[in-house]
Protein chains: 4
Amino acid sequence: MAAQKPTRSPRPAPAPAAPAPAAGKPHPDAARRSQRSRQAIYEAALALVGEVGYPKTTIEGIAARAGVGKQTIYRWWSSKADVLLEAFLDLGERLVENAGEEAYAIPDTGDVAADLKFTLRSTVDELRDPRFEAPYRALAAEGVVNEQLGRTFVARLLEPSLQLHADRLRAAQEAGQVRQGIDLRIALELFVSPLAQRWLQHTGPYTHAYTDTLVDYALHGLAPR
Amino acid sequence: MAAQKPTRSPRPAPAPAAPAPAAGKPHPDAARRSQRSRQAIYEAALALVGEVGYPKTTIEGIAARAGVGKQTIYRWWSSKADVLLEAFLDLGERLVENAGEEAYAIPDTGDVAADLKFTLRSTVDELRDPRFEAPYRALAAEGVVNEQLGRTFVARLLEPSLQLHADRLRAAQEAGQVRQGIDLRIALELFVSPLAQRWLQHTGPYTHAYTDTLVDYALHGLAPR
Amino acid sequence: MAAQKPTRSPRPAPAPAAPAPAAGKPHPDAARRSQRSRQAIYEAALALVGEVGYPKTTIEGIAARAGVGKQTIYRWWSSKADVLLEAFLDLGERLVENAGEEAYAIPDTGDVAADLKFTLRSTVDELRDPRFEAPYRALAAEGVVNEQLGRTFVARLLEPSLQLHADRLRAAQEAGQVRQGIDLRIALELFVSPLAQRWLQHTGPYTHAYTDTLVDYALHGLAPR
Amino acid sequence: MAAQKPTRSPRPAPAPAAPAPAAGKPHPDAARRSQRSRQAIYEAALALVGEVGYPKTTIEGIAARAGVGKQTIYRWWSSKADVLLEAFLDLGERLVENAGEEAYAIPDTGDVAADLKFTLRSTVDELRDPRFEAPYRALAAEGVVNEQLGRTFVARLLEPSLQLHADRLRAAQEAGQVRQGIDLRIALELFVSPLAQRWLQHTGPYTHAYTDTLVDYALHGLAPR
DNA sequence: TCATAAGCGAGACGGTACGTCTGGTCTTTCA
DNA sequence: TGAAAGACCAGACGTACCGTCTCGCTTATGA
């Protein structure tokens, strides 16, 4: 579904002093990189996307706001989308650090339906968080049209969250609450994708009641019993 | 799923000489509008998006290719996305005219599962159609970020198709193949949205086997029986 | 000097219903021409040049202000300068009609110096008249660069005035106040051109004292010895 | 008369690497300015004015011909006229450098009339020089209508030449060939302005014979009695 | 320890496209 | 059939950014 929890994954120490760049940046000496500039660029990028929107956010604008030369951006990133993607990942990491790991885990009370409903409700809340909305939409939109960025977006932002859903479903399967033989990656899409689509494409409202219904329909199917 | 068949709906003659503009263009005298220019602009826009991609498609480029003054575009449309949306709608209408009405209907053989699988398979095929891919992605991406356009996109492109799915589900419900009390608009998202998301966000492959599975899971649920 | 008196010439009945166009306009039937539109165009042109200056005066602006279609201007004139030239000539004619013929004549009191000083002083006053300044400068400037218009400008606006100066000098010559053999057309330039240049090119102030001095210097040169 | 010799003045080395701009351009860092671009722009501007005329010379055209971005022109100049003025001044300077200083001085043989006739004859020749004609007329015309540019035009192009004439007249005055008390700045206009007007306004031919006559008429007026 | 070479802020540069404005032409509708 | 209206093709306007390219100036080793 729609990247509920940016990088809620365990993240085995991405070493902030030398984080692997999102896409391979070749030449410069990363050891001498200015962390001050980097953080300023992240903040400027997120702020501008929030204030004026993604299309009106420009590299020049980010550089000016960050008090940085344009070349410093072009040296380390290949595009506006690339900057924003890293800035957003960085934001997610910082929020996670402040929140604690398990805050983003899917609970396992033994009641799959309740656990999934709870998790989807908090996803809905997150999608409404104004800090996330603008950059997240921007990145999603860019990913629709730019497959390379889209795949990075999915791998870095969506995948960890989806994996948690799959894990929870596996536990349910082992507990006999989900049929054997079900493809869990497809199964989770039954409730995750509809929410994602409503959010991405404005095809309808996304409320707690809606996600509750999704979980019910998905878990029990549409057929009469 | 995602706008399989642009305007496959019955369309009770929208009078091609005076089609309601997608977004209200107030000022100029529509009666004096040059249809030659309009068609040339549609063709140029679709061709350019296909050839160089949406971001490198420019209004100047469209005007030049269409042999039209820039002002003629700005007079009638408010943005590149707006032009492309109308061009795409027009393309859909022209294809529908050539195909015949029932080509886009969802069959009703009495077997919901089979009918939905058949329809989703053809949706998959359509999503691979190179004439649609580029402009359709571009519009979807724009709609993610631009709510106004997004809503028009949904209303004009997605909605007619979604309505057909809802209708087929209603027939199934009346035939006792779908539980009473189910919200059909939500129900159809169980199989339509996952395909949409895989296509939009490159979260996974979209094959006939995949959509068949979706229909099965959605109709029967995940729970053991 | 510089077109002091626009068309103070006798003007043998320019028949307002069919006045010969300044420069040959070929095709249309002048007999059916709308005098209302013509006058409105004249007024709009002069007003706009006065208000926003010549470069920002546009044919579209004139047409809009005159409540006239653009084609009505293009039908009867070949350029913006052409419109303004005729408008200015028309203005001159109307002012002359209100003033009476002899108002613009050069007096002959028997004292050439006094008569010329008087005339040049009133020329200076005229050059400062805000109704004339803007359009007159605009036409002069256009004439510098556009020889065809320049010659028309000279013939219609400057020549009549220059001829009066030549006439007055001839009378002085016959009265023995100017040397025999002097080329009167050159002679008059001695006092007329310096004023013209100061006004046109901002090479210096143009005051009554200045023109008085010019007449003195020049007449001394022309006097018999 | 009108700007015979652009900047024939002594010019004590204006340091070509940092020449004072004609009109103060405040903002950008002049030290980093590209001299290559600057010269290319000068040449393109002069060439275009010569080839297609001033009104059809566009900033885009100059930029394209000079192989320069438009912004590079807008960065350093405020208008087309401004570019041309500096280009023309630069041309004058380069020609002066190739010609040697005294080539433009007014000779002093002791015979004022002869010296002035000689100088005016060479001014006439210069006015016919096709390298000067087009840009010079264009600038003069612009200056008629744009007082700010006009004053710069006079100060940078006309004034040096006029000063030489005044100097020569002063020498004549000291030699007793010109009356005491004569205002030399006005005196020189007696022969300079008529030529200027004939050239500017096409009021008549400008020949060597004509300027000889002017000098005769004027000097008679200025002679002691 | 200090040169030396990188990253850095700054911003000029050659470009492209923007959205607007006007020039001239052409067409429609009316009187 | 002249005129008002205004859509049309064309293309220049002046602005905004793009991505590249110097400039000095830190600044952090490594000889």
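Any value given below was found using the heavy atoms of this structure, including those in side chains, with hydrogens, waters and symmetry copies removed. Just so we're on the same page: letters track the sequence lines, and every chain starts at 1.
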- Task: Tell me which of Arg32(A) and Arg32(D) sits closer to the 5' end of DNA chain F, going by the nucleotide each one is nearest to.
- Result: Arg32(D)
- In this structure, which one of Leu139(B), Leu48(B), Val49(B) forms a side-chain contact (heavy atoms from CB on, under 4.5 Å) with Tyr54(B)? Val49(B)
- Query: Is Ile62(D) close to Lys70(D) at the side-chain level, that is, under 4.5 Å between some pair of heavy atoms?
  - Reply: no
- Item | Distance, rounded to the nearest Å, where Gln39(C) contributes CD and dA3(F) contributes P | 14 Å
- Quickly work out the Ile41(D) CD1 to dA12(E) P distance and round it to whole Å. 14 Å
- Gap between atoms CZ and C1', on Arg36(B) and dA7(F) respectively (whole Å): 13 Å
- Do other residues, nucleotides or ligands put more than 12 heavy atoms under 6.0 Å from the CZ atom of Arg94(C)? yes
- Message: Could you report the tightest heavy-atom contact between Ala140(D) and Phe153(D), atom names first, then the distance?
- Response: N-CE1, 4.0 Å
- Round to the nearest Å and state the distance from Arg38(C) atom CZ to dA4(F) atom C1'. 18 Å
- Query: Are the side chain of Lys80(B) and the backbone N or O of Thr57(B) linked by a donor-acceptor pair below 3.5 Å?
  - Reply: yes
- What are the two closest heavy atoms between Leu84(C) and Ala138(C), and how far apart are they? CD2-CB, 3.9 Å
- Figure out the CH2/P separation between Trp77(A) and dC18(F), and round it to whole Å. 15 Å
- Return yes if some donor-acceptor pair links the side-chain N/O of Ser78(A) with the main-chain N/O of Tyr74(A) below 3.5 Å, else return no. no
- Item | Integer-rounded Å distance: dA4(F) C1' and Arg33(C) CZ | 16 Å
- Could you tell me the separation between the OH atom of Tyr74(D) and the C1' atom of dG14(E), rounded to a whole number of Å? 16 Å
- Message: So if I take residues 50-58 of chain C and measure heavy-atom distances to DNA chain E, which residues fall below 4.0 Å?
- Response: Thr58(C)
- Message: Could you walk me through whether Arg38(D) and Glu43(D) satisfy the salt bridge (Lys or Arg N to Asp or Glu O under 4.0 Å) test, starting with their C-alpha distance in whole Å, then the side-chain angles of each, then the deciding distance to 0.1 Å, before giving a yes or no?
- Response: CA-CA 9 Å; Arg38(D) 192 219 283 255; Glu43(D) 278 160 36; over 6 Å; no
- Message: Closer than 3.5 angstrom, by distance alone: can the side chain of Arg137(A) be matched with the main-chain N or O of Val144(B) as a donor-acceptor pair?
- Response: yes
- Is there side-chain contact between Asp90(A) and Gln39(A), with heavy atoms separated by less than 4.5 Å? yes
- Message: Quick check on DNA chain E: between Ser37(D) and Ser34(A), whose nearest nucleotide comes earlier from the 5' end?
- Response: Ser34(A)
- Task: Please report, rounded to the nearest Å, how far the P atom of dG14(F) is from the CZ atom of Arg75(D).
- Result: 16 Å
- Task: May I ask you to verify if any side-chain N or O of Trp76(C) is less than 4.0 angstrom from the OP1 or OP2 atom of dA3(F)?
- Result: yes
- Message: Quick check on contacts: within residues 59-73 of chain C, what sits under 4.0 Å from DNA chain E by heavy-atom distance?
- Response: Ile59(C), Glu60(C), Lys70(C), Gln71(C)
- Message: So if I take the C1' atoms of five pairs at each end of the helix from dT1(E)-dA31(F) to dA31(E)-dT1(F) and get each local axis, what angle do the two axes make, rounded to 10 degrees?
- Response: 0°
- Message: Would Arg33(C) pass as a cation-pi partner of Trp77(C), given that its NZ or CZ must be under 6.0 Å from the six-membered ring centre and within 45 degrees of the axis?
- Response: yes
